[in-house]
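Below you'll find the structure, written out as structure tokens, and then a few comments.
Proteins come first, then strands; the chains are lettered A, B, ... in the order of their sequence lines, and each starts at number 1. Only this structure's heavy atoms are used, side chains among them; waters, hydrogens and symmetry mates stay out.
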2 protein chains.
Amino acid sequence: MAKRGSRPAGGRGGGAPEQEPPPRDRSKVTINDIARLANVSKKTVSRVINESPLVRSETRERVLTIIKQHGYTPDPQARALALRRSFLIGMIYDNPSPQYVVNMQRGILDELEDTSFQLVLRPCDRADPRFHEKIEAFVVQQKPFGVILPPSVSEDEKLAEMLRALNCDYVRIASVVLDEPARMVRTHDFEGAAAAARHIAALGHSRIAHIHGPKTFRSAHERLAGFRQGLAESAIELDKALTVEGGYTFESGVECAARLFRRKQRPTAIFAGNDEMAVGVYKAARDFGLKAPEDVSIVGFDDTPMASRVWPPMTTVRLPIRDMGRAAARLLLRQAAGVEPEELIAFKPELIIRESAAPPKNG
Amino acid sequence: MAKRGSRPAGGRGGGAPEQEPPPRDRSKVTINDIARLANVSKKTVSRVINESPLVRSETRERVLTIIKQHGYTPDPQARALALRRSFLIGMIYDNPSPQYVVNMQRGILDELEDTSFQLVLRPCDRADPRFHEKIEAFVVQQKPFGVILPPSVSEDEKLAEMLRALNCDYVRIASVVLDEPARMVRTHDFEGAAAAARHIAALGHSRIAHIHGPKTFRSAHERLAGFRQGLAESAIELDKALTVEGGYTFESGVECAARLFRRKQRPTAIFAGNDEMAVGVYKAARDFGLKAPEDVSIVGFDDTPMASRVWPPMTTVRLPIRDMGRAAARLLLRQAAGVEPEELIAFKPELIIRESAAPPKNG
DNA sequence: CTGAAAGCGCTTACAG
DNA sequence: CTGAAAGCGCTTACAG
């Protein structure tokens, strides 16, 4: 049985003598107490809390001192009710990679630390016919302060439109510019894939395959285009017959690579659209008795922990997911504060050269 | 600039004619509207919402119909303010494995789906001197409905005590019984490790090593004890010289295995306390020119995705993390509703036999 | 079984 | 620059 409300006075139950003096029960201090103690109206305390400039600095200092003295923190639920807006930041995602999800969460939480904002999770499925309806219900009921949309949720134009109509602030993380700078964190997937292509080409490969992600992901298009571009710089044309579509999953990586390996003219290098699929290529290679990098060079994208644990350690492209999450959260808070970003926030990927790509044997 | 409040009437901005009729703006329907329409007091509507038995069934039906008709959902912030308790479920964790964290989140979210509860994340660091203070601040400020504590946070007795003092409901997930059944989800790590031991022993090994997790994790003790017990059943005594402490990380797995491999009498099998360390053993084995399972059998614990992607596919022990998360959330909601569980909820691990363990060469 | 009053802890207009 | 009044949308005693 919940016994909320019968909270014993003093709070934390008689501490041992060697402990520091128990902090006063902060849960009881309200805006009224502060107002009374500071000899001002609660409205003035409210102004101080909300950093209104309409307070004499002397008054502000006095109030601030009392607040600190009593460890007062405004009640988020009460503020939410009055403001018709909660202090929850929603992360709405459908990304299948746990590593991506966790890193992004960490980044957002980094930025939210020591604020009164809380991170709330909304996993979802874009294939669900009630997808938009469910998110609308969430937004209407919880009135989140704002939401963060990583790919591929970020690419849903109807969702963005709905959020705007509901006056819900949001930040989209995507590999292409889909929105105004105040609502975008951009990743240069194109550049990352181009770097991978340059590296593979410089190694001397010419029969180069690419397993790209599903067409419903913009990143899949960007990485494909970037790869093609990087190859073109070395006067190599990406062979359509060696370009296949995977599902960003391990299994699809295995299948696509097997298909590639069954050709009479095998590719000597494979660039997979993400690490998951690249690890699938590792497996297919072993199934075909092929060694990496001697028989096939393999390059991935993401630099998940698996990339460095697998054998041989994987050459891949790294995007600073955690930093991206942090940037998205910061942008969201600034957006709410009315601060316009000077320029579009963007992240460049980095090529991580390890041991899975080498010159071709017969090169 | 946030434009909250200037929400246009009608909500979602003129839909195209082919769209379904726009749902009424649910954000505006309040308990007062329902009360007026149902011809009762708002208190009665409140009783219906809260499933109080003190309502004539006829009245309840009438109110329920109106509620459904207007798609009314009570405002969580307003309820929270009145109840002095929010509808947030906190997950407080320090588990280093992203896979564990994500699976547990999924389980909790499964159970919370279609309720008004939201999952809020609180990663933390038990080594932080302000650890308890920070969590206390979270609980006091957010007044979460309850919190879920996976290992090793669940093992912190001081934390549990603090939560009780603050009247905050919680559920602990741990490998040993630390609390009453209403507050515990137990995992039989002991059994899982014993099964691993039996499997290794049955394969014919006798020089068997164990890399256990840090002593600050109860699971490390349980797995060690279970492993010892499983071996004892085959009259094998766990060799102290072959029992080393790792940190549940890849790197520590590499180091510990290397130390083991440098001995004149190498172990023919290694049981690692988790998959991360087991993958470290894979690496060390390669560094020493040892092949698995021919030269060393390797067994892990957790069955992370990596276990099946690595070569050779890893024999390991699987705990149903997602189910555990779901069970923890369900228990928390029942606890709040005053329902006592009939018995302790517990999960048994399963041995997943793949290809990394085989009879010893010279066996 | 039902309701009118007061209150949860804040903020938004509106005055001054 | 500051404040008294009213309100956000619910619920808890208290009556009946």
Check: Partners of B:D110 by salt bridge (charged side-chain N to carboxylate O under 4.0 Å, His left out), sequence neighbours excluded?
Finding: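 Counting only residues at least two positions away or on another chain, B:D110 forms a salt bridge (charged side-chain N to carboxylate O under 4.0 Å, His left out) with B:R322, B:R326.
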Checklist line | Test salt bridge (charged side-chain N to carboxylate O under 4.0 Å, His left out) applied to A:E180 - qualifying residues, sequence neighbours left out | finding: A:R183
side-chain contact (heavy atoms from CB on, under 4.5 Å) against [X], all qualifying residues, sequence neighbours excluded:
X	result
B:A160	B:E157, B:R164, B:Y170, B:R172
A:N39	A:R62
A:E342	none
A:R36	A:D33

Rounded to the nearest Å, what distance is computed from the [atom1] atom of residue [X] to the [atom2] atom of nucleotide [N]?
X	N	atom1	atom2	answer
B:F145	D:dT11	CZ	P	13 Å
B:R85	D:dG9	CZ	P	24 Å
B:E61	C:dC1	CD	C1'	15 Å
B:Q77	C:dT11	CD	C1'	14 Å
A:L83	D:dG9	CG	C1'	14 Å
B:R79	D:dC8	CZ	C1'	16 Å
B:K143	D:dT11	NZ	P	16 Å
A:R36	D:dT2	CZ	C1'	19 Å

Next item on the list: Not counting sequence neighbours, which residues clear side-chain hydrogen bond (donor to acceptor under 3.5 Å, both in side chains) with B:K43? List them please.
Entry: none
Notebook entry, point to check: Quick one: side-chain hydrogen bond (donor to acceptor under 3.5 Å, both in side chains) partners of A:D156, sequence neighbours excluded?
Noted result: A:R126, A:H132
Check: For residues 48-60 of chain A, which residues have at least one heavy atom under 4.0 Å from DNA chain C?
Finding: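 Heavy-atom contacts with DNA chain C come from A:N50.
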Can you check nucleotides 3-7 of chain D for protein contacts, nitrogen or oxygen pairs under 3.5 Å, and list what you find?
| residue | atom | partner | partner atom | Å |
| --- | --- | --- | --- | --- |
| D:dG3 | OP2 | A:S41 | N | 2.9 |
| D:dG3 | OP2 | A:S41 | OG | 3.1 |
| D:dG3 | OP2 | A:T44 | OG1 | 2.7 |
| D:dG3 | N7 | A:R47 | NH1 | 3.4 |
| D:dG3 | O6 | A:R47 | NH2 | 2.7 |

Checklist line | Consecutive-pair stems (3 or more, Watson-Crick or G-U, under 3.5 Å) for DNA chain D | finding: C:1-3 with D:14-16, C:5-12 with D:5-12, C:14-16 with D:1-3
Identify all side-chain donor-acceptor contacts of residues 113-120 of chain B below 3.5 Å with residues at least two apart in sequence or on another chain.
| residue | atom | partner | partner atom | Å |
| --- | --- | --- | --- | --- |
| B:T115 | OG1 | B:L112 | O | 2.6 |
| B:T115 | OG1 | B:F117 | N | 3.0 |
| B:Q118 | OE1 | A:R122 | NH1 | 3.3 |

Item checked: Separation between CZ of A:R47 and OG1 of A:T59, rounded to the nearest 0.5 Å ->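 So the gap between those two atoms works out to 11.0 Å.
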Next item on the list: Measure the shortest side-chain to side-chain distance between B:L37 and B:H70 over non-hydrogen atoms and say whether it is less than 4.5 angstrom.
Entry: yes
Check: Among C:dT12, D:dG9, C:dC10, which is the nearest nucleotide to the side chain of A:P74?
Finding: C:dC10
